[in-house]
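In what follows, every heavy atom counts, from backbone to side chain, and hydrogens, waters and symmetry copies are set aside. Just so it is clear, the structure is predicted and the values come from calculations on it, not from any experiment.
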Amino acid sequence: MSNSDSIRPTNFVRDIIQKDVNDNVHGGKVITRFPPEPNGYLHVGHAKSICLNFGLAEEFGGQCNLRFDDTNPGKEEQEFVDSIKEDVQWLGFQWSGEVRYASDYFDTFYAWAIHLIKNGKAYVCDLSPEQASEYRGWATQPGKDSPFRDRSVEENLDLFERMKNGELDEGACVLRAKVDMTSPNMNMRDPILYRIRKESHHQTGGKWCIYPSYDFAHGQEDAIEEITHSICTLEFQDHRPLYDWFLDNLPVPSRPHQYEFGRLNLSYTITSKRKLKQLVDEKVVAGWDDPRMPTVHGMRRRGFTARGIRNFCDGLPVAKSGGVVDVAQFEAAVRDDLNENAPRAMCVLDPVKVVISNMEEGAVEQMTAPAHPQREMGTHTMPFTREIYIDRADFSEDSSLSRKKFKRLVLGEWVRLRSAYVIKADEVIRDASGELQEIRASLVPGTVGINPPEGIKPRGVIHWVSATEGKQATIRLYDRLFLNEAPDATDEGFLKYVNPESLKVLEGCWIEPGLIDAQPEQSFQFEREGYFVADRFDHSAEHPTFNKTIGLRDTWASKTN
RNA sequence: UGGGGUGUCGCCAAGCGGCAAGGCAACGGGUUUUGAUCCCGUCAUUCGCAGGUUCGAGUCCUGCCACCCCAGCCA
């Protein structure tokens, strides 16, 4: 196992749960939930929340529900419901029982609203949004009671029913809780419980034309599902008193508690559903599953493995401070998993032909190499022929290059072809324009798996693919989508910092022939190049297509610059 | 500004009055048929700032400063 796998630092949420379990609070049960709104695709920040909620439940032998917080039909779609379910499962988690929806509980919420009205704790307010904002007051300035605050229970009941029956227009009025217009916490200044929305809902269709607000829904959903620990992000801290207020004033079946942790921010990355949507809508990327997107769908297509993502999330401390995690830390977790689990293969991205003059034309010699240098993963076989390709960057005519600086093929010198022979570059052939066209080389016999004789010192090891037995492939090179480490934080707007070179499509790359049998989503390490994945949708034996997930760690590049 | 939070290495953080964990990054060195992996080593006399309490303070007290969140009929 990778070392990040075993490191799961404790955190304040786990400590609270541990204590509750020890003290037999909630009968020792642990029930958590992951409550996305289906208004977009899940991203890496949600992955942290998923790992936390599902992970904690798993750790304490509890359960975790998947519940869609679908209280705002205008922004939500079935497409997002489907993608979210797929993502959670892909990450390797299974929710407890059926998928749940806030909309499953709309009847109960409606009854509870009436309960509040009957207790004189809610009223229908006719103030326009602008007026309501005015009445709400400001930080230093307490709010004023709405003129509708003292309507009779009967009138409120009647009005609320008419709201439900669609007799009133959108925006005409709302149902508000009667809390405290002078509270320093703005959320307590008579928050909205229900608003009129004459829109079809992806789950309930046309059944409702009033929808509960987040505040009037979330805690009650938790209570209905008997959630013990309701874990959410920091921006909801101010809502906790309201969360508790509803639970205290409603006949709820259980008493959950809310705990908040810091949202994940990644450098060079945007994690705002609105902005991610903008990237899709403005066609900056090809879609929600573009491999450059930090969405779970995007990361999956990019070749970031579920295990790598989980290892990363599990290694993240859960704290109340909100910092920016270096994207390199994420990349390291993914690389770690891929290094451990991806079989090795060879691919030449920028081919230049090498003709081995002392090899017979038409001869094919099968070279066998382990699929992994350390782990037992079987072998792969690569045909070696008179004509092969190596990468253009792996050859130089400049023999003054020091051995330390250039550990590749130099004219007149030797290099090891990985898992095959040591060869010597004898001569170069150029085309009319002077461009290097072909290298003539000779192999040192008997050097497969055996060190060359005294006096022959290969400068290094390079990768290769047979020119006659290899296959052509399309390779898509991905790089960071943004050039600014905080694309979100700049005044000019994040679109200004889109990396124009975040995608390069290479046609005519050469892969070892066995690679055409790769299954979509199968990851490989192309030796000396990086980790690549067979594209989930576009790869086939006829048109091999690989996405670069991430490069190898390269300590050498930084030293020479 | 009122309220809610947060300030410990370049980044993320542990720390709960008794010698400042760990990960990422960086930098040295070793092994290596991947400039990868792996291994070994280096990397905070100091915890936002200033006072105070204490034998002893990152931890307790007081004051200040900085940053984030709320002020949607979004979640």
Side-chain angles (χ1 to χ4, degrees), chain A residues 3-4 7 9-11 35-37 39 69 71-72 74-75 125 127-129 132-133 136-143 170-176 183-189 191-197 211 213-215 217-218 232-241 260 262 264-265 267 273-274 315-333 335-336 339-340 344 346 369 372-374 404-408 416-420 422 447-451 458 460-463 485 525-530 551-560:
Chain A
N3 43 28
S4 61
I7 297 163
T10 191
N11 60 65
E37 184 189 14
N39 67 344
D69 222 343
T71 56
N72 188 10
K75 288 185 174 173
C125 179
L127 250 28
S128 70
S133 171
R136 195 157 29 235
W138 201 66
T140 47
Q141 182 192 349
E170 275 191 28
C173 55
V174 293
L175 183 72
R176 299 174 72 176
S183 171
N185 181 346
M186 301 301 279
N187 294 298
M188 301 301 269
R189 320 250 260 226
I192 286 170
L193 271 40
Y194 267 98
R195 66 284 211 215
I196 301 170
R197 280 290 132 79
Y211 291 93
S213 63
Y214 165 84
D215 288 309
H218 207 95
C232 64
T233 42
L234 251 28
E235 66 269 28
F236 293 103
Q237 284 178 122
D238 286 347
H239 293 246
R240 192 175 350 114
E260 311 87 11
L264 167 66
N265 298 302
S267 63
K273 278 192 195 173
R274 205 197 91 236
L316 285 174
V318 178
K320 278 189 181 282
S321 52
V324 181
V325 175
D326 192 338
V327 73
Q329 193 160 336
F330 174 59
E331 293 172 344
R335 208 178 263 131
D336 203 40
N339 172 54
E340 194 81 12
R344 314 286 125 128
M346 291 208 265
H372 195 284
Q374 285 88 29
K404 193 164 171 120
K405 259 204 146 153
F406 194 77
K407 302 164 89 161
R408 311 176 185 194
R416 156 74 66 184
L417 293 176
R418 171 122 245 235
S419 305
V422 170
T447 50
V448 177
I450 294 165
N451 285 134
V461 183
I462 63 171
H463 55 103
E485 70 176 291
Q525 185 199 99
F526 291 166
E527 297 207 41
R528 302 209 312 128
E529 293 290 358
L552 258 24
R553 191 161 156 266
D554 190 354
T555 49
W556 167 77
S558 60
K559 282 177 196 169
T560 49

Using a 4.0 Å heavy-atom cut-off, does [X] contact any base of the nucleic acid, only the sugar-phosphate backbone, or nothing at all?
{"X": "A/Leu193", "result": "nothing"}
{"X": "A/Ser321", "result": "sugar-phosphate"}
{"X": "A/Gly323", "result": "sugar-phosphate"}
{"X": "A/Val324", "result": "sugar-phosphate"}
{"X": "A/Lys320", "result": "sugar-phosphate"}
{"X": "A/Gln374", "result": "base"}
{"X": "A/Gly449", "result": "base"}
{"X": "A/Val327", "result": "nothing"}
{"X": "A/Phe526", "result": "nothing"}
{"X": "A/Ser183", "result": "nothing"}
{"X": "A/Thr233", "result": "nothing"}
{"X": "A/Leu127", "result": "base"}

Could you tell me the separation between the [atom1] atom of [X] and the [atom2] atom of [N], rounded to a whole number of Å?
{"X": "A/Leu552", "N": "B/G35", "atom1": "CG", "atom2": "C1'", "answer": "9 Å"}
{"X": "A/Glu485", "N": "B/C12", "atom1": "CD", "atom2": "P", "answer": "10 Å"}
{"X": "A/Asn265", "N": "B/C12", "atom1": "CG", "atom2": "C1'", "answer": "11 Å"}
{"X": "A/Trp556", "N": "B/G29", "atom1": "CH2", "atom2": "C1'", "answer": "20 Å"}
{"X": "A/His372", "N": "B/U32", "atom1": "NE2", "atom2": "P", "answer": "19 Å"}
{"X": "A/Asp336", "N": "B/A36", "atom1": "CG", "atom2": "P", "answer": "15 Å"}
{"X": "A/Arg335", "N": "B/C38", "atom1": "CZ", "atom2": "P", "answer": "11 Å"}
{"X": "A/Lys407", "N": "B/U32", "atom1": "NZ", "atom2": "P", "answer": "11 Å"}

Would you measure the distance from the [atom1] atom in [N] across to the matching atom in [M] and give it in whole Å?
{"N": "B/C64", "M": "B/G3", "atom1": "P", "answer": "13 Å"}
{"N": "B/A57", "M": "B/G52", "atom1": "C1'", "answer": "11 Å"}
{"N": "B/G41", "M": "B/C47", "atom1": "P", "answer": "28 Å"}
{"N": "B/A14", "M": "B/A20", "atom1": "C1'", "answer": "10 Å"}
{"N": "B/C12", "M": "B/G72", "atom1": "P", "answer": "30 Å"}
{"N": "B/G58", "M": "B/U46", "atom1": "P", "answer": "11 Å"}
{"N": "B/U59", "M": "B/G17", "atom1": "P", "answer": "12 Å"}
{"N": "B/U8", "M": "B/C49", "atom1": "C1'", "answer": "14 Å"}

With a 4.0 Å cutoff (strictly under), does any side-chain N or O of [X] reach OP1 or OP2 of [N]?
{"X": "A/Arg553", "N": "B/U37", "value": "yes"}
{"X": "A/Thr555", "N": "B/A36", "value": "yes"}
{"X": "A/Thr71", "N": "B/A75", "value": "yes"}

Can you check whether [Y]'s main-chain N or O pairs, donor with acceptor, with [X]'s side chain at less than 3.5 Å?
{"X": "A/Thr71", "Y": "A/Ser213", "value": "no"}
{"X": "A/Arg189", "Y": "A/Arg136", "value": "yes"}
{"X": "A/Asp238", "Y": "A/Asn187", "value": "no"}
{"X": "A/Asp69", "Y": "A/Glu37", "value": "no"}
{"X": "A/Arg335", "Y": "A/Gly551", "value": "yes"}
{"X": "A/Ser183", "Y": "A/Met188", "value": "no"}
{"X": "A/Ser267", "Y": "A/Val327", "value": "yes"}
{"X": "A/Asn11", "Y": "A/Pro317", "value": "no"}

Nucleotide forming a Watson-Crick or wobble pair with [N], both distances under 3.5 Å:
{"N": "B/C49", "result": "B/G63"}
{"N": "B/A26", "result": "B/U42"}
{"N": "B/G2", "result": "B/C70"}
{"N": "B/C19", "result": "none"}

Exercise for the section: Check step by step if side-chain contact (heavy atoms from CB on, under 4.5 Å) holds for A/Ile462 and A/Arg528. Expected result: CA-CA 8 Å; A/Ile462 63 171; A/Arg528 302 209 312 128; 3.5 Å; yes
Problem - Residues A/Val325, A/Leu264; criterion side-chain contact (heavy atoms from CB on, under 4.5 Å); working and verdict - result: CA-CA 7 Å; A/Val325 175; A/Leu264 167 66; 3.8 Å; yes
Handout entry: Along RNA chain B (nearest heavy atom to each residue), the more 5'-positioned of A/Ala132 and A/Ser419
Key =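 It is A/Ser419 whose nearest nucleotide is closer to the 5' end.
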Practice task
On RNA chain B, check which nucleotide each of A/Gln525 and A/Cys125 is closest to and give me the residue with the more 5' one.
Solution key: A/Gln525
Classify the side chain of [X] versus the base of [N] as yes if they form a donor-acceptor pair under 3.5 Å and no if they do not.
{"X": "A/Glu340", "N": "B/U37", "answer": "no"}
{"X": "A/Gln237", "N": "B/G5", "answer": "no"}
{"X": "A/Arg416", "N": "B/U33", "answer": "yes"}
{"X": "A/Arg408", "N": "B/G35", "answer": "yes"}
{"X": "A/Arg344", "N": "B/U34", "answer": "yes"}

Problem - salt_bridge(A/Lys320, A/Glu260) N-O dist < 4.0 Å - result: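 Looking at A/Glu260 together with A/Lys320, the answer is yes, because their closest N to O distance falls below 4.0 Å.
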Exercise for the section: Assign B/G72 to syn or anti; the rule is syn for a glycosidic angle within 90° of 0 and anti otherwise. Expected result: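 Syn, which is what one calls it when the glycosidic angle falls within 90° of 0.
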Exercise for the section: Give a yes/no verdict on base stacking between B/A75 and A/Tyr214: centres under 5.5 Å, planes within less than 30° of parallel. Expected result: no
Exercise for the section: Please work out which of the three classes, parallel, tilted or perpendicular, describes the rings of A/His218 and A/Tyr214, given edges at 30° and 60°. Expected result: tilted
Problem - Closest listed nucleotide, where the reference is the side chain of A/Arg195 and the choices are B/G35, B/A13, B/A75 - result: B/A75
Completion exercise
Protein-proximity profile, nucleotides 66-72 of chain B, B/S/- by nucleotide at the 4.0 Å heavy-atom cutoff, equals ---BSBS
